[in-house]
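Below is one structure; the comments refer to it alone.
Please read these numbers as outputs of a predicted model, since none were measured by experiment. Order of appearance sets the numbers: ligands from 1, and atoms from 1 within every ligand. Values below: every heavy atom of this structure, side chains too, minus hydrogens, waters and symmetry copies.
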Amino acid sequence: MRHLMSPLDFSVEELDTLLDLAQDIEAHPAKYAHACEGKKLATLFYEPSTRTRLSHEAAMLNLGGSIMGFSSADSSSAAKGESVSDTIRTISCYADICAMRHPKEGAPMVACQHSSIPVINAGDGGHQHPTQTLTDLLTIRNLKGRLGNMTIGLCGDLKFGRTVHSLINALVRYEGIRFILISPEELRLPEYIRHDVLDRKGIPYEEVVRLEDAMPTLDILYMTRVQKERFFNEEDYVRMKDFYILDKKKMKLAPEDMYVLHPLPRVNEISVEVDDDPRAAYFRQVQYGVYVRMALILTLLDIHVD
Ligand code: CP
């Protein structure tokens, strides 16, 4: 039995196979419409979500399966003090696979150690968000036709943004990747990723504060919101929250074939005036998230469709 805790749980070859499957699902959805008949997905969300929870549910429904779950800790027995390990033992009696989001780093890992069904990490604190990374990889591959040999600008809250942490871990395995890390001083990428991942693997990167300086050199601009829920005080969040606002004026500095991604939700960091720019790809990214989660569910349940 396999779980998904980190994008590194799949080799590059396995990721390629998974992304190929997602592309086949996009091209031939009817072929997969009954693949999970009789199977149940449980979504265990201890933190708010729109896309991750509902796209897992849409994915299972598109595959002909059924869904169950809770969307906040308050509406589960966690509110009465139940542990993650007891919850997952219980859910293992009801469902065939589950996706868990939790504010504590490592909680889905604890779950998978006590689970008899595959567990998908749907975001754990400021740590990892591997299914967002699968979505990002599929989006980049579809837009650019490759995953290597490109300059990726990561902009915003690089300290707490788990989507950025997972994406870096996944992309450093491809040839010719270079990062521009665009953040305020206080929200720089954590040391353990800069040193243990980028420096150790000899990945070229630059840290800059001004988004304008980076724009002309980018193949992909990955915007992120400032993660309000991870701040210790409101005052710091308010000071940081509008540090970057991508608007039409800044988009003029970017190459014609640069794409803007964002895991969403967006707050103010991308002005709505950018949405009509053909390079704004964040809502296409949302759609890819469903195909890739369909591919993931099939892979973890070891279901093959001819
Ligand atoms: N991208 C993402 O994780 O969005 P949600 O918080 O809405 O699930």
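On a distance-only criterion, S49 and ligand 1 share at least one N/O pair closer than 3.5 Å. Residue-to-ligand polar distances place P263 within reach of ligand 1: an N/O pair is separated by less than 3.5 Å.
Within the 4.5 Å cutoff, side-chain heavy atoms of D219 are placed close to those of R146. By the 4.5 Å heavy-atom criterion applied to side chains, E186 and M240 are counted as neighbours.
Between the side chains of H304 and D302, a donor-acceptor pair is found at a separation under 3.5 Å. Side-chain contact check for R284 and T139: no donor-acceptor pair (N or O, by modelled atom type) lies under 3.5 Å. Residues Q132 and T163 have side chains that never bring a donor and an acceptor to within less than 3.5 angstrom of each other. Side-chain contact, Y205 with D199: a donor N or O sits under 3.5 Å from an acceptor N or O.
Protein heavy atom in closest approach to atom 6 (O) of ligand 1: R101 NH1, 2.9 Å. For atom 7 (O) of ligand 1, the closest heavy atom belonging to the protein is T50 N, 2.8 Å.
Close approach to T52 involves these atoms of ligand 1, each under 4.0 Å from a residue heavy atom: 2 (C), 3 (O), 4 (O), 5 (P), 8 (O).
Only the backbone of L264 comes within contact range of ligand 1, with a heavy atom under 4.0 Å; no side-chain atom does.
The closest approach between E47 and ligand 1 stays at or above 4.0 Å for every heavy atom of the residue.
Closest heavy-atom approach to atom 3 (O) of ligand 1 among the candidates R51, R162, H262, H129: H129.
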